[in-house]
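Encoded as structure tokens, the structure appears first; notes follow it.
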Amino acid sequence: MSDASFNTLYYGDNLRILRDYLPDASVDLIYLDPPFNSNRSYNVLFKDESGRESQAQIRAFDDTWHWGAEAQATYEHLIHHAPEKVARAAEALRLLIGTNQMMAYLVMMTVRLVELHRVLKPTGSLYLHCDPTASHYLKIVLDAIFGVENFRNEIIWKRTNAKGNAFINFAKNHDVILRYTKSDTWTWNSVYAAHDSEYVDKSYKYTDPNGRRYRLDNLANPNKNRPNLTYEFLGVTRVWRWTRERMQEAYDKGLIVQAKPGAVPCLKRYLDEQEGTPVGDTWSDIKPIGANAAERLGYPTQKPLALLERIIQASSNPGDVVLDPFAGCGTTIAAAHKLGRRWIGIDITHLGVALLKYRLSDMFDLVSGRDYKVIGEPETVEDARALARDADNDGRYQFQFWALSLVAAKPLGGSEDSRKGKKGSDGGVDGVIHFFDDPKQPNATQRVVVQVKSGKVKPGDIRDLVGTVEREKAAIGVFITLEPPTRDMQTEAVSAGSYHSPLWDADYPRVQVLTIEELLRGAQIKMPPQHGTFKQAPRVRPTAEQKLLL
């Protein structure tokens with residue numbers, strides 16, 4: 001893998017991306033949080049495919065986690081081509097679980113974990129984030145692929161306070177993160193958490209005039225048979241920890257104090273010089289993202305940045321390569337870039353890739369094509385047409401998500417954790433852009449509504465958009481089309497008039513028609529500067545040293 005391949009986002013099935021783009025032993029750290037709906041009923045997961053299903057609960061598994069032809073073919077591939085231990089584990093799990101959604105999930109995960117093991121460097125680590133419904137099965141799979149001897153930790157992350165079904169069960173409030181290494185030599189940087197406030201108040205009860213807190217530590221040597229360390233200091237004879245020279249140097253620096261003449265001298269240990277408490281395998285100090293958290297972007301499975309920062313700091317060094325094959329809204333990628341690591345992100349939806357691009361722009365001022373690459377997005381009109389026609393891959397929805405990302409519009413009628421949209425419930429609006437345009441009401445927003453068409457278009461489409469703009473009380477309507485618009489369509493758009501911006505004292509076409517070809521050439525919506533399309537991630541500035549490594 002060349003350096004140019006780092007800092008790259010890939011659109012597509014991560015199994016294909018791993019096989020086609022990532023060579024052996026090319027990644028230092030892998031974190032994955034594969035789609036698994038922890039709110040879903042355990043019984044539904046194990047219901048046989050011939051039984052009745054709760055459609056409201058299986059959304060996260062649509063198109064992927066069902067036992068069908070693809071799962072069967074993948075299972076047979078594992079049996080015939082995977083390492084012996086992996087094949088036997090898959091066979092045993094099928095005998096135990098049967099052919100259902102859970103087994104489909106495990107089969108699809110197993111074939112990907114085999115590839116992830118391949119691309120990991122010998123000193124690398126893998127962290128798999130899951131919930132207790134599947135963690136015990138995934139651990140069997142990981143034991144078979146990585147080796148039982150390379151299991152390092154089962155980390156418990158307390159993601160919420162106890163709630164729900166507490167009257168009939170112990171409340172479920174944690175996720176599981178399984179940590180494996182590829183060999184018996186791995187990258188490791190010890191991680192410390194801040195001391196407990198109660199411990200600090202009890203132990204560090206002294207304060208310097210400058211406000212620094214400290215405690216007093218014993219300077220006596222536990223080994224009493226040390227003649228070379230036995231001497232008198234400040235009128236007290238003891239077997240000391242240090243030589244006389246070192247004791248005198250510390251005393252001259254004000255680090256050794258004596259409460260009164262004849263008292264045993266003690267060493268000042270300052271709180272701000274201590275590393276903290278070593279982090280164990282139960283993490284309750286990293287809170288989930290609350291409803292009003294600054295980093296909250298609205299993505300349903302978004303993990304806290306602090307969680308990924310801890311993992312990345314522990315198991316990689318600046319300049320290392322971090323991979324997230326289920327990148328989602330990009331928390332892993334954002335944490336990696338913030339900490340001076342190189343990164344690779346993969347997502348199977350164009351919406352996920354779009355969210356990643358927005359986040360990198362908001363946090364680091366990164367620009368696609370200049371600061372990193374995106375592989376798998378359409379680059380030509382023909383590429384876009386092929387995407388729209390890809391019926392096996394929900395092409396028209398993926399085309400819609402991708403087209404909306406070209407103008408930074410938030411999709412409506414879709415979901416970040418689903419490959420499909422919801423036609424019929426969006427009222428003719430595929431996407432929306434918000435902007436602020438009222439000097440008297442700085443928090444009030446105006447809207448641009450966006451429609452996307454990948455098929456044939458006609459003047460009636462523009463008339464419909466005009467009606468939608470009026471009904472939604474939007475400032476501007478935008479019609480994005482794959483096929484060239486007719487002259488009558490352009491006439492209808494011009495006839496809709498203009499929107500006057502009171503803040504910018506400028507006029508903008510009320511209805512605008514933009515083709516995919518124009519957008520690929522850099523065309524933009526004519527509108528006031530936009531804000532708040534997606535909630536912006538807090539801005540982060542890498543250090544000068546980190547910039548050199550990126």
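- Side-chain N or O atoms of Thr481 include none that pairs as donor or acceptor with a backbone N or O of Pro484 at under 3.5 Å.
- In this structure, Arg359 does not pair ionically with Asp362, as no charged nitrogen and carboxylate oxygen lie closer than 4.0 Å.
- Using a 4.0 Å cut-off between charged side-chain N and carboxylate O, Arg118 and Glu115 make a salt bridge.
- The shortest distance between side-chain heavy atoms of Asp430 and Val450 does not fall below 4.5 Å.
- In terms of heavy atoms, Lys453 sits closest to Phe399 at O-CE2, 4.0 Å.
- The shortest heavy-atom contact between Arg370 and Asp365 is NH2-O, 3.0 Å.
- Using modelled atom types, one side-chain atom of Asp371 and one backbone atom of Val367 make a donor-acceptor pair closer than 3.5 Å.
- The residue from Leu142, Asp33, Val141, Ile177 that alone fulfils the side-chain contact (heavy atoms from CB on, under 4.5 Å) condition with Leu128 is Leu142.
- Of the residues listed (Leu29, Asp28, Leu22, Asn7), the one engaging Val321 in a side-chain contact (heavy atoms from CB on, under 4.5 Å) is Asp28, and it is the only one.
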Residues 75-82, side-chain donor-acceptor partners within the protein, below 3.5 Å, at least two apart:
unit_1	atom_1	unit_2	atom_2	d
Glu76	OE2	Gln72	NE2	2.9

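- Put simply, the side chain of Asp347 gets close to the backbone of Gly328: a donor and an acceptor are under 3.5 Å apart.
- At a threshold of 4.5 Å between non-hydrogen side-chain atoms, the residues Phe401 and Val452 do not count as touching.
- A salt bridge does not link Arg94 with Glu91: every distance from a Lys NZ or Arg NE/NH1/NH2 to an Asp or Glu carboxylate oxygen is 4.0 Å or more.
- For the pair Ser26/Val119, a side-chain contact is recorded, criterion being any heavy-atom separation below 4.5 Å from C-beta on.
- Met102 has its side chain within reach of Thr133: a pair of non-hydrogen atoms, C-beta onward, lies under 4.5 Å apart.
- Minimum interatomic distance between Asp285 and Ala193 (heavy atoms only, all atoms of both residues): OD2-CB, 3.8 Å.
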Q: Report the C-alpha distance between Asn317 and Asn189 in whole Å, list the side-chain angles of each, state the deciding distance to 0.1 Å, and finish with yes or no for side chain to side chain donor-acceptor pair (under 3.5 Å).
A: CA-CA 8 Å; Asn317 296 313; Asn189 304 302; 3.0 Å; yes
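- When side chains are defined from C-beta on, Ile516 counts as touching Leu406, because their heavy atoms get closer than 4.5 Å.
- Considering every non-hydrogen atom in both Ser125 and Leu120, the closest pair reads O-CD1, 3.6 Å.
- Taking the six-membered ring for Trp and thresholds of 30 and 60 degrees, Phe364 and His337 have ring planes inclined between 30 and 60 degrees apart.
- Looking at Val353 and Ser405, their side chains never come closer than 4.5 Å, going by heavy atoms from C-beta outward.
- Asn153 and Tyr127 form no side-chain donor-acceptor contact under 3.5 Å, judged by distance and modelled atom types alone.
- None of Leu323, Asp320, Asp324, Ile333 except one satisfies the side-chain contact (heavy atoms from CB on, under 4.5 Å) rule with Trp343; the exception is Ile333.
- By the 4.5 Å heavy-atom criterion applied to side chains, Lys139 and Phe151 are counted as neighbours.
- Test His129, Arg179, Lys303 against Tyr31 for side-chain hydrogen bond (donor to acceptor under 3.5 Å, both in side chains) and you get one pass: His129.
- Side chain of Trp157 to backbone of Ile286: a donor-acceptor contact under 3.5 angstrom is found.
- Formation of a donor-acceptor pair under 3.5 Å by the Gln398 side chain with backbone atoms of His350 is found in this model.
- Side chains of Ser454 and Arg389: no donor on one and acceptor on the other come within 3.5 Å.
- Counting only distance, with no hydrogens or angles, the side chain of Thr99 and the backbone of Trp67 share no donor-acceptor pair below 3.5 Å.
- Asn150 and Arg152 share a donor-acceptor pair across their side chains, judged by distance under 3.5 Å alone.
- Remark: Arg447 engages Glu472 in a salt bridge, criterion side-chain N to carboxylate O under 4.0 Å.
- By the 4.0 Å N-to-carboxylate-O rule, Glu382 lies close enough to Arg385 to be salt-bridged with it.
- Without hydrogens or angle criteria, Asp461 side chain to Lys458 main chain gives a donor-acceptor distance under 3.5 Å.
- Asp383 places a side-chain N or O within donor-acceptor distance of the main-chain N or O of Thr380, the cut-off being under 3.5 Å.
- Residues Asp464 and Phe479 have side chains not in contact (no heavy-atom distance under 4.5 Å, counting atoms from C-beta outward).
- Of the possible polar contacts, none joining the Asn14 side chain to the Ile346 backbone as a donor-acceptor pair under 3.5 Å is found.
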